[in-house]
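A short worksheet on the structure shown next.
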Amino acid sequence: MRNPKIADAFDELATLYELDGANRYRVLAYREAARVIRDCPQSVAELAGEGRATELAGIGETLQTKILALIEAGEIPASAKLKEKLPASLVEITQIPGLGAKTVRKMYDELGISSLEELRIAASEQRLRGVKGLGAKLEENVLASLERIEAEGHERRRLLSEAREVAEQLLTALRAHPASGEVEIAGSVRRWAETCKDIDIVATATDPEALSAALLEHELAEEQRSSGGGGASIRTFNDIKVDLRIVPPEEYGSLLQHFTGSKEHNVALRERAQRMGLSVSEHGITETETGVVHACRSEAEVYRRLGLMLVPPELRQGGNELELAAERELPRLVEVGEIRGDLHCHTTLSDGQNSLEEMLGAARRRGYLYLAVTDHSASHGFGNDVPAGALLDRLAEVRELDTATRGIKLLAGSEVNVMPNGSLDYEDEVLAELDWVIASVHTSFQIGAERMSERIVRAIEHPLVDCIGHPTGRLLLKRAPYELALEPIFEAAAANGTMIEINSNPRRRDLNEGNARLAAAAGVQLVINTDAHKVATLDNMQYGVATARRAGLGPQQIANTRTWRQFAGLRKRI
DNA sequence: GCCGTTTTCGGCCCGACTGTTTTCAGTCG
């Protein structure tokens, strides 16, 4: 059983307990456990089988027993028992914004509401206001939420790239406004998370009303949600919610820290503060004993007062970053400016939109020292296949262009398909002519973890394969990774000197941060590539670098921060 | 239910907002 399924079961159990009126800290414990299980890079089912799930923070003997029961019986006995008492469909009602377990339980006890449809009818018949504490406004909100849920399914997340585009435009506009002081993006966008729900911006201003107005009047704003001296809120034309919060300069650091999150990071930060006799909020740091409040102008001050190094936003994940910050051992993270070359891109030869010359010119303008052009291979579908003959023609073209170009080395490469049995779709004699070979899986995703891992390991062991492309095949918000075991893959890659890619396409981010961290720890050389299909998407490098930063990786762990000469020294073939 | 610079019991992050109240519980980020 995979981790997300176990995590979902505990989330459901947490809500059931909450509906049952259990101790809130017990509920919290189940929710925390669900999060830990979801984020765990190893199979929690296997850990529990070995009696080692208790090594995870937040999982004790009781939860381990429940995990084993879940795997054995398909359901946690405690959940089954609660579902005899309460309809399981109440859980789904708590998903509606504004309706927590307490309210849902009350509506069930007093009105017998146990499904979304019953809720809709009761709200439209204005029967909810008969319950003490519920009123007309709630009925209105419930109906609006139900309508939205019907229209767009559950709450819509979007790719970071989509939100960043909007966030950066707004940031530029707000910073240019005469009333603005400090302006910064906060939230998941600032942490470079894979997906996000909304955009948070925090600011100081000489005239807060005027700065709020600037957001409301921005050309991207479709709906003005609210406004005032404390900030403003809009919805953009592409339906992204944006919150601007404005505070006095002396509280700016505290506010920025607070709204950058993550939630898990802030919880850990506050727990640490409490042990020091301090209390952290978005207004400042309070000495519990004296009540003295220290408002913080900068984020650095927030962390300094807690005895910590400034934690880069990408690392604020609620992992071990605070311990590292306390020991002054936070890693020095790789930066976009340190990337010296891109080793995965496409041209019009396969499915790209720009020519070889155009891609080379763009790479050169970026200041790269090398570029590998890696069009798809012989068996690639969609009419974008490149027969061996065409590849050899391209090779000659690359050699000629490389000789004629100063300042950047152009490499002849290919992104070859790894067939289901692990073989490649060009003959070795053809591959041997190339400077750089990426092997990727593009077909037959459903062959099971074991066969998929063997397939990729075989490609890794091929002497002419330099690198594995987008290793897990996931597409964010679209397609789950295919089933595979990464441990043997990382082990084989380290042993064979085959590099592994962090694909920077914002829909891929593959490897993801957790797996990139594990790969680096296993001694694998990582390469950050864009997989660009046109000149503009060479800019996606920032997303791959963000994933590496979130994995805590520095330039020494990323092979393409090297010059080409240094890079060549890391390769298995010279 | 978990966990230990509070160490096997007694705590467990904080404040704003909303809608409903007339002093606050519930929800959310």
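From a predicted model like this one, the values you see are computed outputs, not experimental measurements. Residue numbers begin at 1 in each chain, while the letters A, B, ... track the order of the sequences.
If you check every strand for non-hydrogen atoms under 4.0 Å, A:Ile96 touches sugar and phosphate atoms only. Counting any heavy atom pair closer than 4.0 Å across all strands shown, A:Ala57 reaches sugar-phosphate atoms only and no base atom. Backbone-only contact: A:Val280 has heavy atoms under 4.0 Å from sugar-phosphate atoms and none from a base. Among the atoms of the strands shown, none is found under 4.0 Å from any heavy atom of A:Ala33. At the heavy-atom level, A:Glu282 lies under 4.0 Å from the strands shown only through sugar-phosphate atoms. Backbone-only contact: A:Tyr30 has heavy atoms under 4.0 Å from sugar-phosphate atoms and none from a base.
A donor-acceptor pair shorter than 3.5 Å cannot be found between the side chains of A:Glu18 and A:Tyr30.
Of all heavy-atom pairs spanning A:Lys66 and A:Ala78, the tightest one is CE-CB, 3.8 Å.
Rounded to whole Å, the C1' atom of B:dT23 lies 25 Å from the corresponding atom of B:dG29. Using atom P as the reference point in both B:dG15 and B:dC9, the two lie 31 Å apart (nearest Å). Comparing B:dC3 with B:dC13, their P atoms are spaced 14 Å from each other, to the whole Å. Separation of the C1' atoms belonging to B:dT8 and B:dT18 is 41 Å when rounded to the nearest angstrom. For the C1' atoms, the distance from B:dT21 to B:dG26 is 13 Å, rounded to whole Å. A distance of about 40 Å separates the P atoms of B:dG10 and B:dT20, rounded to the whole Å. Remark: the separation of the C1' atoms in B:dA16 and B:dG11 is 25 Å, to the nearest Å.
The pair A:Arg38-A:Asp8 counts as a salt bridge, with a side-chain nitrogen and a carboxylate oxygen less than 4.0 angstrom apart. Salt bridge status for A:Glu264 with A:Arg191: absent, with no side-chain N to carboxylate O gap under 4.0 Å. Under 4.0 Å is where a charged nitrogen must lie from a carboxylate oxygen, and between A:Arg275 and A:Glu271 no such pair does. Between A:Lys137 and A:Glu140 a salt bridge is recorded (basic side-chain N to carboxylate O distance below 4.0 Å). A salt bridge does not link A:Arg245 with A:Glu251: every distance from a Lys NZ or Arg NE/NH1/NH2 to an Asp or Glu carboxylate oxygen is 4.0 Å or more.
One finds no side-chain N or O of A:Tyr25 lying less than 4.0 angstrom from the OP1 or OP2 phosphate oxygen of B:dG1. Between A:Gln274 and B:dC14 there is a side-chain N or O to OP1 or OP2 distance below 4.0 Å. Between B:dC14 and A:Ser279, a contact under 4.0 Å exists linking OP1 or OP2 to a side-chain N or O. Residue A:Ser281 places none of its side-chain N or O atoms closer than 4.0 Å to OP1 or OP2 of B:dC13. Applying the 4.0 Å criterion to OP1 and OP2 of B:dT18, one finds that A:Asn141 has every side-chain N and O outside that range. An OP1 or OP2 oxygen of B:dC13 is reached within less than 4.0 angstrom by no side-chain nitrogen or oxygen of A:Arg270.
A:Ile37 has its CD1 atom 11 Å from the P atom of B:dC2, to the nearest Å. The distance from atom CZ of A:Arg35 to atom P of B:dC12 is 19 Å, rounded to the nearest whole Å. Between A:Gln257 atom CD and B:dG15 atom P there is a gap of 14 Å when expressed in whole angstrom units. Note: CZ (A:Arg24) to P (B:dG10) measures 19 Å, nearest angstrom. Rounded to whole Å, atom P of B:dG15 lies 16 Å from atom CZ of A:Arg245. In this structure, CG of A:Asp198 is placed 14 Å from P of B:dC28, rounded to the nearest angstrom. One can place CD of A:Glu264 at 20 Å from P of B:dC12, the figure rounded to the nearest angstrom. As rounded to whole Å, 10 Å separates atom P of B:dG15 from atom NE2 of A:His258.
Closest to the side chain of A:His283, from the set B:dA16, B:dG1, B:dG29, is B:dA16. Distance from the side chain of A:Lys102 is smallest to B:dG26 among B:dG26, B:dG1, B:dC12. Considering only side-chain atoms of A:Val267, the nucleotide from B:dG1, B:dC13, B:dA16 that sits closest is B:dC13. Considering only the side chain of A:Leu63, B:dC2 comes nearest among B:dC12, B:dG29, B:dC2. Among B:dG29, B:dC13, B:dC12, the nucleotide with an atom closest to any side-chain atom of A:Asn23 is B:dC12.
Nucleotides of DNA chain B nearest to A:Leu278 and A:Asp200 differ in position, and the one nearer the 5' end is that of A:Leu278. Each of A:Gly58 and A:Asn266 has a nearest nucleotide on DNA chain B; the 5'-most of these lies closest to A:Gly58.
Screening A:Arg164, A:Arg157, A:Arg474 for a salt bridge (Lys or Arg N to Asp or Glu O under 4.0 Å) involving A:Glu194 leaves a single residue, A:Arg474. For the side chain to side chain contact (heavy atoms under 4.5 Å, CB included) criterion with A:Trp192, the lone passing option out of A:Gln542, A:Glu513, A:Arg549 is A:Gln542.
In this structure, B:dT8 makes no Watson-Crick or G-U wobble pair, since no nucleotide meets both defining distances under 3.5 angstrom.
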What pairs of nitrogen or oxygen atoms, one from the protein and one from nucleotides 20-23 of chain B, lie under 3.5 Å apart?
| unit_1 | atom_1 | unit_2 | atom_2 | d |
| --- | --- | --- | --- | --- |
| B:dT20 | OP1 | A:Gly135 | N | 2.3 |
| B:dT20 | OP1 | A:Gly135 | O | 3.1 |
| B:dT20 | OP1 | A:Ala136 | N | 3.3 |

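Contact check for A:Val242 versus A:Leu220: no side-chain heavy atoms found under the 4.5 Å cut-off.
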